[in-house]
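Remarks on the structure that follows.
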Amino acid sequence: MLRRVFKAPDELGNSFEDLLSYLTEGLTTDLQRVRAIFYWIGCKNQHLPSSGGPPDSPNYIFLQVKRNHMSFCYLFARLCREANIPCVVIVGVAKAAGYEVGDGQDAVSKQHNRWNGVYVDGEWRLVFPLWAFSAVSGHSTGKYTLVESKGGAAREKETQSSGVNVTQLNEYFFLPDPDEFINLAMATDPKWQLLSEPYDIKKFTDIAHVRPHYFSGDVKILTDNKACLYSKQGEISIGFKTVNPKWCGVLSYLLFYNDHESVDPLLKDLQLERYIMMERRSSMWIFHARCPCVGVYKLSITCAQSDAAFFRICNFKLICNEVKERIQPLPCQVGTAGWGPSKDTSKAGLTSPSQSKGIVHTSRGRDINFVFAVIKDIAVRTELVQNGATTNDLHACVSHAIDVNSKLNVAVKVPAPGEYALRIHTTDTKTTEETNACNYLISSDHQSQKKKKAENKLEKQLRETMKKATEGTDYVGLTNAIEAFTQLDLEDRGDLAAAINRQLCLQLRRGNFMQPQRLLLISFIYTDLRDAMLRRNVGVLDIAIQKAKSSEHEQQLRAKIEEAEELRDHLAKLHKFAHGVLQLKQPTVSELHRYKTPPIPVHDVMLATYIMLGEPRENIKNWKSVQGILGKLGKRGLINRVREFDTVHLTSDMIEEVDTLINSYNEEMVCLRSPAAATFHTWLTNIVDDYKGNGLQQ
């Protein structure tokens with residue numbers, strides 16, 4: 001279809017009838033026809049027709065659009081209507097080039113724009129032709145100065161500019177999800193927002209400034225989704241989470257200072273370098289901004305897939321009205337590796353970190369231990385870094401060793417209050433290439449300098465007793481050892497965490513929860529996590545995980561938390577795969593039910609769908625039996641079954657059978673016969689591909 005659209009002769013644009021006859025030849029659905037119209041406009045936008053054509057023809061209107069006498073949304077609406085496809089022009093406000101993050105309601109209310117609503121497959125959908133076919137490059141208010149980029153200092157003053165118009169073809173604005181689109185543009189008439197809970201101008205103004213790339217970047221904002229964020233003593237944190245476990249991209253940032261809105265201009269001799277900490281926590285990215293002076297800032301979060309170029313995904317306006325005394329920059333630059341363990345740590349050969357957060361608090365003179373499992377043949381180099389000190393000055397404060405059980409143990413003892421960076425580097429012995437595997441920010445404050453005394457003979461004996469009890473199955477003996485250990489407030493060097501984990505296992509086997517209050521609380525949280533995992537519900541899992549992570553026993557429960565997070569991410573991935581199916585309306589599914597003799601691709605896709613859902617084979621022996629199941633509604637309805645789909649019943653044989661049925665067709669081949677069946681084809685393909693990649697074999 002697309003090749004045919006791109007090859008449409010110019011002279012066809014001299015007549016609506018001739019053009020639409022050509023564009024829609026052989027197409028069977030309104031969705032295909034609308035897509036053909038959309039692509040024709042996009043193609044002509046990049047290759048202008050040689051002549052204007054007669055008045056009131058597509059070519060004539062198109063040239064009027066290029067001369068700013070008419071609009072893309074009028075041309076799109078006219079073509080759809082001439083093809084007997086209902087289409088309206090929607091009026092509203094949009095966060096276009098003239099918008100700056102943090103603008104108030106008055107400014108946003110003046111950002112007038114228009115786009116289209118088009119009726120396809122039994123429902124109204126959105127199309128924004130102007131943004132699909134054109135963009136403004138280089139627009140700037142001139143208010144901001146770039147002061148920090150990826151940890152490095154900068155001082156680049158923006159120049160005020162209205163920018164230049166550029167031609168593009170951005171497919172995001174063809175039928176975008178209304179829940180995403182509302183972040184970019186808001187219809188004045190609430191019914192054309194196509195939302196169950198419409199926005200008003202205040203809510204639209206307040207939300208963070210996200211860009212289309214945000215919705216394809218496989219990350220989502222975890223913290224307040226607000227355009228304006230206010231600091232607490234000069235510090236602001238913004239969190240993100242990856243929603244695709246296989247996502248291999250990286251995030252970074254740009255920090256700007258607003259001289260126009262700030263009370264004082266930024267001092268010329270103040271270099272903002274290393275004032276943004278990017279903390280990594282497994283699938284989370286948390287940006288901690290330290291504002292060294294009172295003022296107004298802008299933080300732009302950027303994203304890149306692998307080695308591709310970075311593009312901005314969202315902006316926040318940071319307002320700092322007070323700062324701490326003597327705010328210092330971070331001890332060193334770490335780049336996109338960030339602070340804390342991440343997927344990159346695993347790639348570098350280290351897994352199962354004992355410290356899951358990038359920031360570790362301690363007191364002067366106290367040993368801090370970092371433990372990892374070593375999964376590759378690697379060499380390790382560690383260093384401790386502090387502002388104003390050399391690596392040699394701190395050489396004696398850090399040591400490491402890999403034991404016989406392939407465990408890397410890193411020991412750090414900070415010599416004085418302040419902030420330190422622990423940098424762990426690994427070198428693959430096969431490639432001799434060194435990688436920055438993990439970084440930790442170690443903070444030793446002035447209020448926690450109480451020096452621990454060396455353990456006496458009794459304390460050492462209690463520690464050894466607990467270690468031995470951890471290796472056995474004597475529940476009572478282990479419980480008594482833990483109780484004695486904690487009553488003396490002995491330092492946890494990893495042995496207390498191991499003992500409590502072992503005690504929890506023995507406790508759950510016994511079903512005995514009559515323990516001291518601290519252990520009882522851990523057991524309850526552990527049980528909540530286990531029960532949430534058995535229920536396999538994303539919402540329930542989120543609550544249980546948050547409860548466990550916000551408790552003071554997060555360290556002891558880390559293994560179970562990570563297991564629960566892995567299951568939660570797995571279920572979230574299934575929901576993402578099902579998104580297209582869940583957007584289908586019942587009348588669209590009913591079209592499949594009405595087939596007496598469906599096209600072979602449609603038959604195979606729907607048969608594969610019910611095999612994936614675990615329907616017994618005797619119930620789907622032929623199309624008539626499949627047709628009967630398709631007619632069911634409610635809990636046994638097809639869309640609801642996809643919504644409730646889980647992978648616990650899947651087998652390799654089922655996956656192979658489904659793959660055999662669908663791999664002969666691509667999405668476009670199926671779509672030509674039934675767009676609804678094509679949606680199920682996409683769902684099946686995602687599950688099969690992920691299963692074969694071991695992503696769903698849980």
Would you check if the side chain of Thr24 reaches a backbone N or O of Leu27 as a donor-acceptor pair within less than 3.5 Å?
-> no
Under 3.5 Å side-chain donor-acceptor pair for Asn315 and Ser300 = yes
Any donor-acceptor N/O pair, Ser674 side chain to Val670 backbone, under 3.5 Å | no
So, Asn59 side chain and Asp10 main chain: donor-acceptor pair closer than 3.5 Å or not?
-> yes
Value rounded to 0.5 Å, distance of CG in Leu571 from CE in Met533 | 9.5 Å
From Met70 atom CE to Arg78 atom CZ, the distance as rounded to the nearest 0.5 Å = 8.5 Å
Could you tell me whether the side chain of Leu19 reaches within less than 4.5 Å of the side chain of Glu82, counting heavy atoms only?
-> no
Examine distances only and state if a side-chain atom of Thr223 and a backbone atom of Gly239 form a donor-acceptor pair shorter than 3.5 Å.
-> yes
Correct closest heavy-atom pair for Arg312 and His213 would be O-CB, 4.1 Å
Pick one: which of Asn116, Val88, Val127 meets side chain to side chain contact (heavy atoms under 4.5 Å, CB included) with Cys73?
-> Asn116
Pairwise distance OH(Tyr74) to SG(Cys87) - rounded to 0.5 angstrom = 12.0 Å
Is the backbone of Ser57 close enough, under 3.5 Å, to the side chain of Ser15 for a donor and an acceptor to pair up by distance?
-> no
Are Asp30 and Arg125 close enough for a salt bridge, meaning some N to O gap below 4.0 Å?
-> no
Asp56 versus Ile61: any side-chain heavy-atom pair under 4.5 Å?
-> yes
How close do His575 and Arg643 get, heavy atom to heavy atom, and via which atoms?
-> CE1-O, 3.8 Å
Considering the options Ile85, Val118, Leu175, which one meets the side chain to side chain contact (heavy atoms under 4.5 Å, CB included) requirement together with Leu31?
-> Leu175
Do you know the tightest heavy-atom contact between Ser109 and Val93?
-> O-CG1, 3.7 Å
Is Lys317 paired with Asp103 through a side-chain N to carboxylate O contact shorter than 4.0 Å?
-> no
Nearest heavy-atom pair of Leu592 and Ala676: which atoms, and what distance?
-> CD1-CB, 4.0 Å
Please report the closest heavy-atom contact between Cys671 and Gln32, naming both atoms and the distance.
-> O-NE2, 2.7 Å
Does some side-chain heavy atom of Trp285 sit less than 4.5 Å from a side-chain heavy atom of Thr242?
-> yes
Should we say atom CD1 of Ile600 is surrounded by more than 12 heavy atoms from elsewhere, each under 6.0 Å from it?
-> no
Taking the six-membered ring for Trp, are the ring centroids of Trp683 and Phe645 within less than 6.0 Å of each other?
-> yes
Does a donor on one side chain sit under 3.5 Å from an acceptor on the other, for Glu656 and Tyr691?
-> no
Output for pair (Ile90 CD1, Asn113 CG), nearest 0.5 Å, gives 11.5 Å
Under 6.0 Å from the NZ atom of Lys202, do we count more than 12 heavy atoms belonging to anything else shown?
-> no
Spacing of OG1 belonging to Thr647 relative to NE2 belonging to His570, to within rounding of 0.5 Å = 3.0 Å
Begin from the C-alpha positions of Phe181 and Trp115 and carry the test ring-ring contact (aromatic ring centres under 6.0 Å, His included) through to its verdict.
-> CA-CA 11 Å; Phe181 187 74; Trp115 53 94; 5.6 Å; yes
With a 4.5 Å limit on heavy-atom distance, are the side chains of Val688 and Met612 in contact?
-> yes
Side chain Asn45, main chain Phe133, donor-acceptor under 3.5 Å | yes
Quick one: are the ring centres of Tyr99 and His209 less than 6.0 Å apart?
-> yes
Heavy-atom pair of closest approach, residues Ala227 and Val101 | O-CG2, 3.8 Å
Are there more than 12 heavy atoms of other residues, nucleotides or ligands under 6.0 Å from atom CD of Glu17?
-> no
Exercise: do Tyr172 and Glu180 side chains pair donor with acceptor under 3.5 Å | yes
Which value, rounded to the nearest 0.5 Å, describes the distance between Tyr610 atom OH and Ile629 atom CD1?
-> 6.0 Å
From Leu79, Leu169, Val5, residue fulfilling side chain to side chain contact (heavy atoms under 4.5 Å, CB included) relative to Phe38 = Leu169
Does the Glu565 side chain pair with the main chain of Ile545, one donor and one acceptor, at a distance under 3.5 Å?
-> no
Can you tell me if Gln627 uses its side chain to pair, donor with acceptor, with the backbone of Tyr595 under 3.5 Å?
-> yes
Checking Gln168 side chain against Trp131 main chain: does a donor-acceptor pair fall under 3.5 Å?
-> yes
Got Tyr39 and Leu23 here, is their nearest side-chain heavy-atom distance under 4.5 Å?
-> no
For residues Leu184 and Phe128, determine if any side-chain heavy atom of one lies less than 4.5 Å from a side-chain heavy atom of the other.
-> no
Decide if atom CZ of Arg114 counts as having more than 12 heavy atoms of other residues, nucleotides or ligands within a radius under 6.0 Å.
-> no
Should Asp200 and Lys203 count as an ion pair when the cut-off is N to O under 4.0 Å?
-> no
May I ask you to establish whether Lys95 and Phe204 are in a cation-pi arrangement, using a distance under 6.0 Å from NZ or CZ to the six-membered ring centre and at most 45° from the ring axis?
-> yes
Measure from the side-chain N and O atoms of Tyr22 to the backbone N and O of Arg4, and report whether any donor-acceptor pair falls under 3.5 Å.
-> yes
Is the Trp192-Trp124 ring centre distance short of 6.0 angstrom?
-> yes
